Structures are given as C-alpha cells and as structure tokens.
Amino acid sequence: MCGFCGFVDTELENKKPVLSAMMDKIIHRGPDSDGQFIDDSAALGFRRLSIIDLEEGSQPLYNTDKTLVLTFNGEIYNYQSIRDNLIQKGYVFKTHTDSEVLVHGYDEYGTDLFSHLRGMFAFVIWDREKQTLFGARDFFGIKPFYYYQDNKRFVYGSEIKSLLEHPNVPRELNEEALEHYLTFQYSPMQETFFKGIFKLPPAHFFTYKDGQLDIKRYWEPTFNESEGSLEEYVDLIDQTMKESIKTHKISDVEVGCFLSSGVDSSYVASCFKGDKTFTVGFDNEQYNEISYAKELSKEIGIENFHKVITPEEYWSSLTKVQYHMDEPLADPAAVALYFVSQLASEHVKVVLSGEGADELFGGYNIYKEPVDNEKYHNLPQGLRSFLAKLAKAIPFGFKGKNFLIRGAQTIEERFIGNAYMFSVDERKKLLKVSTPAKAPIALTKPFYDKVKDKSDVTKMQYLDMHMWLAGDILLKADKMSMAHSLELRVPFLDKEVCRLATKIPLRYRVNKENTKYAMRLAAKRNMPAATANKKKLGFPVPIRVWLKEDKYYNIVKEAFTSPVAKKYFNEDMLIKLLDEHKNGHKDNSRKIWTIFMFLVWYHEYFDEKVA
C-alpha cells in the first residue's frame, strides 16, 4: 500500500523539484521510503508503506531490460501464483513483492493482464522505448486514480492534492460538481471538484502517447441468476468468503480488523483468525457500537481496542478530514472512520473491513422497497399515477403520502442511490451560481440501461456498485485509512466473491424476511444469530443531536453567514434549514451537513475562512 504521482511533460525542464513537491503531499500514504524515476519525457514518484517484502520492495520497479518502469498502489493477492507462472515462462524476479508481477505481467500479457489479477490496485507503467504511459484502476475502485490532461502534458496521482503541486495544473472550482454534490452528498461525476482533474473510473485502463489519451473498460460485473438451493448458496458464500478473507491476510506485518455491530465487519472479524479488532463509538447509547464489538470479540477470542469519540474531537477533526478527502464528502461516517483508522494505526499497519457486502449481496434497507411493495407496483400504472397526483394535490402531509407518490414512479425515477439530499428544484433555489448540471437521472441512466431487463433490486444494486460504492464508501475508506498510513483491505470486494454474488437468485438476496438473506445465514454459522440478523445501521453519528445544541448550531451558523457561503448559496435558505432543525420542525441534519462540509472543504483548498 503506497501512493504514487507523476507526469509526462516534455516542456518542463526541471522535473525533480516538481515531482518531489508532489510526493511530499502524499507522504502519509507511504512514510517508510520513497523513490523516483525521471527522464526527458516522464517523471514517476512513489511513497511506500512497507507491507510485503519489507527489505526489497521499494519502487519504481523495472522489467528485465529496464524499458518498463512501474509505480503501484495496492495489493495483488494472488501474486505468488502469477509469479510462478511468469518464472516458468523465463522471467527473472529481483524481489519477492507483489508489485513486480505487474511489470513482468504487462510484458507478457499486455492488456490481458487484468484477467490474471486478483486484488486492489492503481498503477502506471512508463514504456521508455515507446514513450507510452499505461495505467489502470482496480475492478471496484478500491484504490483512487486522478489525472489532468492538457495539450502539452499528462499529470496523475493517488490524490488530487498531489496534482495541484504541478505548476501547470489549475486550482479552479468546478461549480457543476457542486450542484451534483448537493443531490448525491458526494461528487458523482468523472470530473472532480477541480476543473480539468478527472477520476479514472474503476475497472478501466488507459494509454497516453503523443498527447492522446485512450481509456477503455476491461471488466464489469454481470448479474446472471443461477438456480440452486438456499443451502447450496449458503455453503458457497461461507466457503468463498473464508477463502477471500484468508487471501486478504497475505502480509509480512500484522493484520487487524475493523469491527462494528453490523453483520459485515462481524463476519470478517469472526473468520479472520487474527488478534486485534478496532471499534469507535459516541457517548450516546443510540450511537455507540462498542458494547456489541466488545462482546463479539470476547466470544471469538480476539482483543478489542475501542475509543469513544467526544463531540469536541469530532468537530475539531473536520478540517483534517475534508483535507484528506480531496473532494467534499457529506457522509458523517467519514469522520468516525478517520478515528477508527487512527486507533488501528497505533497497533497494526493493515486492517480488514466489511465494505462492499451491501452492494454485492443486497444489504441496504431501501432494497426491500420493491419486494415489500410488489403488489402495489403490480397495479395498473394509470391508477398509481392518478393516486400520486391526488396525493400531491393535498396541501398537508398524511401517512402514506410519500408512498403513493413514489409508487407511481419507476425505479429509475425514484432511486438515484443511497443518498438523496437536495432535489433539482431545491438545489436551483439554494445555489446562486448557474451551471449546466444535468438532472440526477441523466447520470444514473447509463448504468440502468445496462440492467434494464433485471429486477428492480438488481438495478439498485448495480447502480450502487457503480456510483455509491466508489463515490462514497470506498473513497472515504481509502482516504481516512491512508491519512494514518494504514492499509485497508476489503475481502467482500473480491472477483471470486463478486462472481458468486451475481449468481444468487433474488429471493436469496432480498426478501420480505430480510436483506442479505443468504449471506446472513452464512455469517450465522460463525457468530451469534443476533449479530447476523441485526438491521443495517451504517455508521451511526449523532449529527442531528449536536446541531440542536447552541455550541454546534453557532459553529455552522457562522459558516453559513460567511462570505463564501453568501457567494454560492442563498443565505436565507441556509438559516431556514438550520433553524427548522434546531427548533424540531424538521430533521434537516443531513442537508445542513452536506452544505457545511463543502464550506469546510472549500476553506482547506481555496484558503478562504468559512468556519
């Protein structure tokens, strides 16, 4: 696990100080060592967090004749078998790292390399003879990859803050990203909050040569249900997960595990056969999972390390969190993840975690809506549309009003992912700036189109796998762990686990009884039934409670009345949201937090005081 950065720039003569400045910005990703490669055309930089082959694993790494230069962030879990195959083909390895299989593997397989890999990765390979840069991002987007291109150069890195150190990369706010962020709570576009800086999508590779960038997709998940008994699928899930967890433990340093009260991390912790688990919570019973984690750790014979996050600690960390995120993220759980990563980093260098289970196995509570309301959705569309119009016409709220309105919509119309903050109308009224931002449905449509013949639940899962998972879940997992030089691994997001999960019939994924139905039964074999059946909570954070307290209300109000807030937002609407929440009229906590996190982030990257 490391960080990398670099550029192809034939006009920049003195490359070393620029590359060094870029590397310094990501020293937290790799504090153990660094390395550089510079020639007339390219500069590749690397920061290392030593996990495998501690003595000889420094980068850049080269192929046999040194025509290919590699920098790599991640882990290849099946590197030993790939290495053996390449040795049989005549390749000579100078290290025992997983990194070296990439450079020799590319030499041997070219772009077919990805069919051989099992792991999480982002990497670049510079071909010195062909003057071509080749790079890729892993199957699910576990590891980040950012790039900037103009007609004279290509600049890339593991974090945006690194790219901004290049003198020709502009630091300009992308207002269109802001508008989409207000709806999704994260940036769903390929172009980031910085104009001209893009994310390489998951499961894509690129080649850059002579100023031309070519991006292609190399893999995508395909849902094809395969009949089988429930018992057979439970067996397969348990076998596959245990094998994945074992594979994800490959390391030359100790591996720990995050643990909440939920089934996902509990399943991983119960199977990982390690010594340490890590948990955080808050001084509020509704928002504290420590007691669950302590109890489970005791039952499975693992030591649990835990911390109660005080409100003061949480709020004082916000600027650091948004700095490390690179782009604003309104998910309050990111801060909790920051603290549990800090705790774990005091004891281990690597942790396993439970991200990805909900998307693959059907775990979010919202996925039950199509199943629970199936009979209503089978009524004639005309009748449902009439009832929805009637409900909208009634000026006051009543029980079932939202149900009737949503019931007339298709899944494509009513579901844009796990977070829906501001509607298009709301964000237009809220924002002072005008952008060409499309409606949310325009961003989700390309993904829905690929699964148009599937069930509504499958459509929701597929959308979340491509937007929410990479845009929120994995983004904060990578950035918050690497802020503390901690490698986070996700055994659920494994090619073999995905291959199985996408075969499971809908009735075994989500039914009237529960979400992640078959997976919970598999988990139950390894832990108490109460934990396996526990309702999905996410990472509970008492934002709604704090925003009613004068201290934190005033902190946010100061930000909402700042020059930056007035520049981008309708101040009256901001204060209305805040006061409605404080007075108990509406729970506006997530909407307030979405705006507040943007303002905190803006201060960090554009140096204007807002809070």
Side-chain angles (χ1 to χ4, degrees), residues 1-9 12 15-16 18-54 56-64 66-76 79 93-107 113-114 117 119-138 142-148 153-163 165-166 199-200 204-209 478 482 485 487:
M1 177 67 71
C2 313
F4 61 77
C5 57
F7 48 89
V8 178
D9 189 337
L12 186 65
K15 294 181 174 63
K16 186 175 180 61
V18 173
L19 184 64
S20 296
M22 292 174 69
M23 291 168 61
D24 287 345
K25 280 293 181 180
I26 55 169
I27 193 169
H28 51 276
R29 296 189 76 92
D32 293 336
S33 66
D34 61 35
Q36 295 184 352
F37 168 85
I38 299 174
D39 66 13
D40 291 340
S41 301
L44 283 67
F46 172 75
R47 297 282 340 178
R48 187 185 187 207
L49 180 65
S50 304
I51 303 294
I52 293 175
D53 194 356
L54 306 185
E56 298 179 347
S58 294
Q59 297 180 34
L61 286 174
Y62 303 84
N63 64 340
T64 305
K66 292 197 172 183
T67 56
L68 300 180
V69 189
L70 167 84
T71 54
F72 157 63
N73 169 28
E75 301 292 346
I76 306 301
Y79 78 95
F93 282 74
K94 295 183 179 179
T95 73
H96 291 88
T97 65
D98 58 333
S99 312
E100 199 172 359
V101 303
L102 292 175
V103 70
H104 292 312
Y106 179 65
D107 228 353
L113 170 65
F114 306 105
L117 301 180
M120 57 180 186
F121 51 83
F123 66 85
V124 293
I125 295 175
W126 173 242
D127 189 320
R128 301 169 69 181
E129 288 186 339
K130 297 178 180 178
Q131 293 286 286
T132 300
L133 188 70
F134 174 80
R137 191 176 177 197
D138 65 61
I142 302 168
K143 305 316 300 171
F145 192 109
Y146 300 98
Y147 68 90
Y148 168 84
R153 60 191 57 83
F154 182 84
V155 188
Y156 67 87
S158 299
E159 299 191 11
I160 294 173
K161 61 181 68 66
S162 178
L163 275 68
E165 291 300 305
H166 190 288
K199 308 161 193 166
L200 182 68
H204 283 68
F205 70 84
F206 73 87
T207 53
Y208 178 80
K209 180 178 174 64
D478 173 81
M482 291 311 299
S485 307
E487 172 167 306

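This structure is a prediction, so every number in the text was calculated from the model and none was measured.
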Using 30° and 60° as the class limits, which term best fits the ring planes of Phe134 and Phe205: parallel, tilted or perpendicular?
tilted
Could you check whether any side-chain N or O of Asn73 sits under 3.5 Å from a backbone N or O of Gly3, counting only pairs where one atom can act as donor and the other as acceptor?
no
Quick check for you: to the nearest 0.5 Å, what is the distance between Tyr62 atom OH and Lys94 atom NZ?
10.0 Å
To the closest 0.5 Å, what do you measure between CD1 (Ile76) and CG (Leu102)?
4.5 Å
Sub-6.0 Å ring centroid separation between Phe123 and Tyr106
no
Which value, rounded to the nearest 0.5 Å, describes the distance between Lys15 atom NZ and Ser20 atom OG?
13.5 Å
Kindly assign one of parallel, tilted or perpendicular to the pair Phe4 and Tyr156, based on the angle between their ring planes and the thresholds 30° and 60°.
tilted
Go through the steps to decide whether Cys5 and Met23 satisfy the test side chain to side chain contact (heavy atoms under 4.5 Å, CB included), and finish with yes or no.
CA-CA 7 Å; Cys5 57; Met23 291 168 61; 3.6 Å; yes
For the student: nearest non-hydrogen atoms of His28 and Ser485, plus distance:
O-OG, 2.7 Å
Rounded to the nearest 0.5 Å, how far does NE2 of His166 lie from CE of Met22?
7.0 Å
Do Glu487 and Met120 have side chains that approach each other closer than 4.5 Å (heavy atoms only, starting at C-beta)?
yes
May I have all residue pairs that pass side-chain hydrogen bond (donor to acceptor under 3.5 Å, both in side chains) and include part of residues 120-135, sequence neighbours excluded?
Asp39-Trp126, Ser41-Gln131
Is Glu165 close to Asp24 at the side-chain level, that is, under 4.5 Å between some pair of heavy atoms?
no
Pair Tyr147 + Tyr208: ring centers closer than 6.0 Å
no
